[in-house]
Structure formats: C-alpha cells, structure tokens
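The structure follows.
These figures come from a predicted structure and were not determined experimentally.
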Amino acid sequence: MSILDALNPAQRQAAATYAGPLLVLAGAGSGKTRVLTYRIAALVNEVGIAPWRILAVTFTNKAAGEMRERIENLVGPTASDIWVGTFHSICVRLLRYESEAFGLDANFSIYDEDDRRATVRRILEAHNIDERDLSPRSLIGQISQAKNAMLDPLEFSRQAGDNPGRRQVADLYTAYETELRRNNAFDFDDLLIEVVRQLDRHPEVLQKYQERFEHLLVDEYQDTNKPQYLLCRQLSAHHRNICVVGDDDQSIYQFRGADIRNILDFERDYPDAQTVRLEQNYRSTARILAAANAVIDHNQDRKGKKLWTEGPDGDPVAVVECDTDRREARHIVEQIRRQTGVGPYGLGDAAILYRTNAQSRPLEEELQRSGLPYIIVGGIRFYDRKEIKDLLSYLRVLVNPVDDITLRRIVNTPRRGIGDTSLERLQIFAQERSLSLYAALDHLDEVPNLGGRAQKSLADFAAILKGLIAAKEEMNLPELGNEVVAKSGYRQMLHDENTPEAEAREQNIDQLLAEMTEYFDEREEPSLEAYLEEKSLMTSADEKGENGHAITLMTLHSAKGLEFPLVFVCGMEENLFPTARAVEESRINPQAIEEERRLCYVGMTRARERLSLTYALRRYAYGSMIETEPSRFLNEVPADLIETSYEIDRGFARSRQRVGPPPAKRKKKPAPQGVHYEWDEGSQAAQTTTDFGDFVEQDDFLAVGQWVRHQQWGRGQIIEREGHGEKMKLSIKFAAQVKRVAVAYAQLEPA
DNA sequence: CAGCGGTTCATTTTT
DNA sequence: TGAACCGCTG
C-alpha cells in the first residue's frame, strides 16, 4: 500500500521517480499540484527523506500556502519543516539567514513598484532629464529587463557601446543601483539576482544549501526567468534531484522576463532528465477541452501535447456577439443570475475573466445594479492604500532608518510644514556629508539656508522618529503600530479631516492594527521585521477572499491555476485580446501573438462545465466609443463546438435578446456560424431580459447587494437581510468591516 | 507651503 | 473616462 495508489499511472510515475532530474509536462487540469504534494509526501513517508531537506518553490503565496496545507494533510505536522515558498520569499530568507556571510545589513527594505518609481523619478530629476524625454515607466522597464538578463550596470554599460540612448540608461541604471544600496533596499528583481550572485561569490554557503536540499521541486517552471533558472541550477547541482513541473502552453509571463526556453530546453540542460507527460484532464468537459486544444494548436513554439478526458461531452462553447461592452456586461450578469441559485450552481461557481483590468468597470456597474455579490481579485491591494502604505512606511523607517525614499514619504505626512524646499536643502547637506536624511536630522543647525520654522518642523519630526525607535525596543508589534498612529499625528489628522473618506481611512488603519494583533498572537516569531517582509511580498490576490458565494472577476493572468464550473471570457476582440501591441508586433514577428494565444488557452481551460466567450462590436475606450472586431481566437475554435448568439441593444433602455442572425447593419460576418444556444432550456419569454433600471426602482434600496451610505461608516454593500419593516436588520460590508445594523435606527441612504 | 483648478495622459498582464 | 500632474494663487 502506498499513498501513491491514489494517482493515475502517469501521475504516479511523476511522483515516484525520485532520483535525478525530472520534467513533468502537466497539462491544464491534469492534477499537477496533486503530483507535487503526493511526491513530497512519498519522499517523507515512504523514502524517508527528512522534511527539512526538501525545498518546494512556487510563484504565488497562494500556491505555496495551498501546497503546504495539502502536504500537511498527507504527512502531518512534520511538514512544517519543509521549505515551501515563493521564489521571492525563499530568496529573502536566504539573504537574511546569510546576511553576515554575504556582508549585508539584514534590515534591508523591499521596494515595491511605487518605491521604485519614486526612486527613478528622483534620479531623473537629479540628472536633469525631462520625464517627457524618458518616462519613469520606460526607465524602470529597461532597468528591470537588464536585471532579468543578469546584467549589472557595468556590463550593461559595456553593451551599450556608444549608442547615446543606451548610454544614458546605463548611467541612470548605475545611479539607481547606487541609490538602492545607499538606502539599504532591494527591489523585487534584486531579491533573486542578489541571491544568485552571492551564492556564486560564496561557494561555501552555496555548498551548504546544495547539500542540504536533497530534493528540489519547482512549480510553474514555464514562468521562470533567468535568475530563477540559475538559482534552480545552483541549488540542485549537488544532488541533482530536481523536479520541475510546468506547461509550456501556459507560459504567460514572458513580458516580464520569463523564458519559455527554460522548460523547452530542460532536457538539453539535464541530458539524463526523464520526462513525464500528464495529459489526462480531470477538469473540463470534452467540448471545452477540444475547443481549447484547437486554439493552442495554432502555436508553433511548443512541445505539443493533447489533453483528453474521460468525462462527458458537455455543452457547446457559447460565443456571444454583443453590440456594446455594456450590453456584454449585462448579458453576462443576466446569464449568471439565471444559471445560479436554482440548480447545482452557486454564484461562487461563476467567474468572469478579462484581458485588462479596465474591462472590469462596466461589469462592476452591471453587477451593482443587479445586486449580485461579487469580488474582484487583484484590484488595488489593501496594502497599496495610501494610509496603509504610510503607516507601514513609518514602521519601515524604524527598522531601516537609512531608507531615504521611505522617509521622504512620511516626513510631511501628516502635514508638518516641511515642504520641498526645506527637504531639498536637507538633502543637499546630507549628500555633502554622505549622510542619510535621518542622520542629517541630528545636524539641523548646520544645514545652510534652513529657515527657523523649517528647522523647528524637522526637529519635531526627528523627535517623533527617535521616540518611536525607542518604543520599538519595548513594545510588541500591535503596540508599536498604535504608538505610530498616535505619535505621528496620523490618527489626529484623519480625525480632524472629519469626512466620510477620512473615516474610512481611519477604519482601514484600525483594520491593519487588528491584523497586527492577530499576527502577533498567531506567529511563533512575530517580529516587526518578519511582518514587514511578509507584507512586502504580498499580492492583491493573496488577500483573504472570504466569500464562497460571490461572483469572481479577474484578469486572465490572475486566473491561472484556478478553476470554475462557469466561466465567461469577455472582450474577445482584436486589439484587446490579442492586445493591440501584440497585433502590431505580430506583423513583423508572427510569434508575438503566441503568448496571447496561450493566455486564451489558460482562460478557456479554467472552465469545468460551461464556457462562454463574448465580444462587443463597439466598446468604450478612452472615453469614446470605438468599433471593434471579433478576436482571431474565436475563428480558431471549430464551428461544430460552438453555438453563437447575439445580444443587440436597440438604443433603448428595454433590451431584448435577439435570436438568429444579427440585424442588417452588420458589415461582414466574421463570427463563426452555429445555431442559437442557451444554457438553460428556458423559454423564449424568459430570454427577454428585464430592464435593470426598472428592477432596481421597484425593489427597495435595502435589498441584498445594494450599496448604501451610513452616517458613521460610509459606503457599504448589503450582504444579508433579515426581518421586515421596523424589525429589519442588515449586515453591511463597509470598507473596513462588516456591521449589523437595525434599519429603524441606522439612517441609511442609497449610495 | 498648501490647496485648487485646469490640463494632459494613458490602458496589458504582476511575482 | 478617469487619475495624475502642473502651475497658480492665497
């Protein structure tokens, strides 16, 4: 008896091939995570490998968390000794553990996109470069590219030759690196390349980890970039037990430096590698699978595999032409409303996927009107909110006071009368003395041209920081958080503002403080440093999405790795999906479209039972209506797998679903043919959609899903209702928390 | 120095 | 359509 008996033969082979390099080509829905977790469980339980000698690397915190949990279920608490984490978190761990050997200050800050941008802008300013000549965005992109290619500023400069543009970027890249080191900060790219370089430089440290990690497992290998690839090579060089799992057809991060060659060339890098293909799909119906297979088959650059299933044929893929993006949104919402509730599906079973975040707007508006609950995955992070970032910035400065970029963020927040001019004077002074801004605060009376008032303000600020740094030594995390909010004047500032927005921000702060308490109570080693590190590496997708019964909205990228019974991929239009950029580029290089196609494949294979692909003939972009054309990907789906329908507004509020061919106005007919199709066998009468405007008017505004405003708590969405009339009680989800209110007493108004 | 109003600009995807 | 940025004024 082996736990591996629960696997199919291919899975078992993948899980039980313990020795040597192993490539697992795992198609969508083929049980990839299952193989990984069972492999680890077998290594521990049946081969007798010590848990701490296993390293498993993923791309997202979520994937890491899930894997850890599933392993725990199989092997018990000893699983906590296994190193499971994202590339970035593992690297931070190594940098901190080995900071002494590497000659680093372990209190380094981790810079996110915002910090990066702030840094770059300062550098552009210092070099007298107009942002119109070289945008921060473009510079960040070029620096990041260089880093992903493992080019340090020196090498980059050498390669730049005498191309003036490249020379300039080389100088700025050099300045950027200098600035980060001076601030004791790493950006996301640095975390990876720094480890690779340090391990190269310190063979004794490398050897320690090479020997320690007897088994290395890598998830989503198709998305690794060069530094990640090198790290895998380094760490697996001794035992050579490297198991990589991935799907070349799902490589969708090349734009960010992922190199699909890493997986395509694995067998060349490791000539003794064994390869296992997982091609049996346990997720989608045969028709969905056939449609997705047909699309991805148009790509040239792939290993080639064909997914199959023993499951039922299922429904045809619905292709829906809508005349506007708004109509498209309304159609999708209406379909979800009809398909869920009665019958096997709940709202949590439905997902709406789109190419760009901007597409979520009309969907959100329609969803709000309909009152159906929904969650957006990967919007703005909680930690990206200004007040949260400010508070965390205070904490960051307490840990790493030489971090000027972060200090600048808080020096005048709340307002202390410290303006650009004063700060600039301080900065110049600090630069001359090679001091950090923080250190320069000790010499305010020596700063030239600094006015008395400014000097006083800066001294006050310095005193606040000093006090907080002292407090850090004595207080635990939540206490310190409270102290920061109090002593910095942040709470007071929000309080004085006395607006609903400020109220909401104060609640967010409170939520963060509550979270710190939770963190402190639950973690074994709840240090401020560890807390900041965790938050820095967190993504919006990592935030706990409680609702199991809300519709999920997200980008196709965020959807990777997930599955839903009902999937709607919207905006299937040329120049949107594939994007204009990809279309443009494909004129020169036909391969340019392939990543978009893989993304399409990823989207389609998220669906378990029903897949709907929708497009609009006209769509709002930049505030004006533009004409669009159906995506080429639609034409790549065989017609016999499709059923097409049309959603046409007649320019009037009351809309009607049209059956059969579209009205005369259509120019050409690019959409694949097929007969009208509906999910449910609903009557034609049911097909006539109700005007949502009327619907909302009729129903009172206290229905579940409606948005209301509360005097104290601000805007919130009703998630639960009980009782009638004066006894009615509502649960309302406000920005910071869910509140139960009695309608009779709470003065609610529609929002 | 801070707040206001006008202008400009952009939309890919994110560990 | 909106956010972000700039320059002007109090």
**Asked** So, are A/Glu594 and A/Arg302 salt-bridged, with charged N and O less than 4.0 Å apart?
**Response** no
**Request:** Give me the one residue out of A/Tyr354, A/Tyr253, A/Phe577 that meets ring pair (Phe, Tyr, Trp, His ring centres under 6.0 Å) with A/His557.
**Result:** A/Tyr253
**Prompt:** Once you round it to whole Å, what is the distance between P of B/dT14 and CZ of A/Phe255?
**Reply:** 7 Å
**Prompt:** Which heavy atom of A/Gly603 sits nearest a heavy atom of A/Leu556, and at what distance?
**Reply:** CA-CD2, 3.6 Å
**Asked** Do A/Lys389 and A/Asp112 meet the salt-bridge criterion of a basic N to acidic O distance under 4.0 Å?
**Response** yes
**Message:** Work out how far the C1' atom of B/dT12 is from that of C/dC5, and round it to whole angstrom.
**Reply:** 23 Å
**Prompt:** Contact class for A/Ser422 vs. all strands (heavy atom < 4.0 Å): base, sugar-phosphate, or nothing?
**Reply:** sugar-phosphate
**Item:** Whole-Å gap separating P (B/dT14) and NZ (A/Lys62)
**Value:** 13 Å
**Request:** Would you classify A/Tyr253 as touching base, sugar-phosphate or nothing, given that sugar-phosphate means primed atoms plus P, OP1 and OP2, and contacts are heavy atoms under 4.0 Å?
**Result:** sugar-phosphate
**Request:** Starting from C1' on B/dC1, measure out to CG on A/Asn412 and report it in whole angstrom.
**Result:** 9 Å
**Prompt:** What's the NE2-P distance between A/His557 and B/dT12, to the nearest Å?
**Reply:** 12 Å
**B/S/- contact track for nucleotides 2-10 of chain C, protein heavy atom under 4.0 Å** = S--S-----
**Message:** Any carboxylate oxygen within less than 4.0 angstrom of a Lys/Arg side-chain nitrogen, looking at A/Arg396 and A/Asp115?
**Reply:** yes
Listing time: all N or O pairs from protein to nucleotides 9-11 of chain B that are below 3.5 Å?
residue	atom	partner	partner atom	Å
B/dT11	OP2	A/Arg137	NH1	3.1

**Asked** Hey, does A/Ile252 reach any base, or is it just sugar-phosphate, or nothing, if we go heavy atoms under 4.0 Å?
**Response** nothing
**Prompt:** Salt bridge or not for A/Lys32 and A/Asp247, using N-O below 4.0 Å?
**Reply:** no
**Prompt:** If every non-hydrogen atom of A/Ala607 is compared with every non-hydrogen atom of A/Val567, which pair is closest and at what distance?
**Reply:** CA-CG2, 3.5 Å
**Prompt:** Could you give the CD-to-P distance, from A/Gln222 to B/dT14, as a whole number of Å?
**Reply:** 16 Å
**Fill in**
Between A/Thr579 and A/Gly417, the residue closer to the 5' end of DNA chain B by nearest nucleotide is A/Gly417
**Cationic N near anionic O, under 4.0 Å, A/Lys535 to A/Glu515** = yes
**Asked** Can a side chain N or O of A/Thr555 be found less than 4.0 Å away from OP1 or OP2 on B/dT14?
**Response** yes
**Message:** Between P on B/dC1 and CD on A/Glu424, what's the gap in Å once rounded to a whole number?
**Reply:** 11 Å
**Atom-to-atom span, CZ of A/Arg355 to P of B/dT14 - whole angstrom** = 9 Å
**Request:** Provide, to the nearest angstrom, the distance between the CZ atom belonging to A/Arg416 and the P atom belonging to B/dA2.
**Result:** 11 Å
**Message:** Taking only the C1' atom of each, what is the distance from B/dT11 to C/dC6 in whole angstrom?
**Reply:** 22 Å
**Message:** Can you see whether A/Gln228 engages A/Tyr221 through a side-chain donor-acceptor pair at a distance of less than 3.5 angstrom?
**Reply:** no
**Request:** Looking at every strand, decide which applies to A/Thr60 at a 4.0 Å heavy-atom threshold: base, sugar-phosphate, or nothing.
**Result:** sugar-phosphate
**Message:** Less than 4.0 angstrom from a charged side-chain N to a carboxylate O is my criterion; do A/Asp189 and A/Arg116 meet it?
**Reply:** yes
**Item:** Sugar-phosphate, base or nothing in reach of A/Asn61, heavy atoms under 4.0 Å
**Value:** nothing
**Asked** Of the candidate nucleotides B/dC1, B/dA2, B/dT14, which contains the atom at the shortest distance from the side chain of A/Arg415?
**Response** B/dA2
